[in-house]
Amino acid sequence: MSEFAAEVIDIREESRVAGRQRWQMALDRTEFMAGDVGVLEAVARSGARLVVPVLGVVLDAGEVWHLVEKPLAAGTAVTGRVGVSVE
């Protein structure tokens, strides 16, 4: 397992099918590579711990995009954990 600190720098909608959305998030740094899965963790202003599963990784014009079902806002500090699954 690999762990790193990063910040969300951009989000974009990947798809919307039958009312379900998938998003792509770019981070200022990452240790995820194509084929990796894992989680991104953040702390909300309320103090609640947020855990966002990373379902995959896409490379687009040299930029790494993390596939998620619920995005975090740009500027959010995260801890990434590669190879970890949410139970």
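Nothing fancy with the numbering, it's 1 onward along the sequence.
- Remark: T30 pairs with H66 by the side chain to side chain donor-acceptor pair (under 3.5 Å) rule, at least two apart or across chains.
- The side-chain contact (heavy atoms from CB on, under 4.5 Å) check on A44 picks up S46, A48, L50, with sequence neighbours excluded.
- Among all heavy-atom pairs drawn from V68 and V54, the shortest one is CG1-CA, 4.3 Å.
- Applying the ring-ring contact (aromatic ring centres under 6.0 Å, His included) test to every pair with at least one member in residues 8-28, sequence neighbours left out, gives no pairs at all.
- Taking every heavy atom of both residues into account, E14 and L67 meet most closely at OE2-CD2, 3.4 Å.
- M25 contributes atom CE, which lies 4.5 Å from atom CG of L72 (distance to the nearest 0.5 angstrom).
- Among residues two or more places apart in sequence or in another chain, the side-chain contact (heavy atoms from CB on, under 4.5 Å) test is passed with E7 by D28.
- Taking R45 as the reference, nothing meets the side-chain contact (heavy atoms from CB on, under 4.5 Å) condition, with sequence neighbours excluded.
- Residues L55 and V52 do not share a hydrophobic cluster, defined by chaining ILVMFWY side chains whose heavy atoms lie under 4.5 Å apart.
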Using side chain to side chain contact (heavy atoms under 4.5 Å, CB included), reason through L27 and L40 one step at a time and then give a plain yes or no.
CA-CA 10 Å; L27 306 176; L40 298 174; 4.0 Å; yes

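- Interatomic distance, CG of L59 versus CZ of F32, reported as 13.0 Å (0.5 Å rounding).
- Annotation: the span from I11 atom CD1 to Q24 atom CD amounts to 11.0 Å, rounded to 0.5 Å.
- Residues A42 and A77 approach most closely at CB-O, 3.5 Å, considering heavy atoms.
- Residues in residues 48-63 take part in these side chain to side chain donor-acceptor pair (under 3.5 Å) pairs, two or more places apart or across chains: R12-D60, E41-R49.
- Legend: residues meeting salt bridge (charged side-chain N to carboxylate O under 4.0 Å, His left out) with E69, ordered by chain and number and at least two apart, are R20.
- Linking Ile, Leu, Val, Met, Phe, Trp and Tyr residues whenever their side-chain heavy atoms come within less than 4.5 Å places V82 and V8 in a single cluster.
- Among residues two or more places apart in sequence or in another chain, the side chain to side chain donor-acceptor pair (under 3.5 Å) test is passed with T79 by none.
- Not a single side-chain contact (heavy atoms from CB on, under 4.5 Å) links V37 to another residue, sequence neighbours left out.
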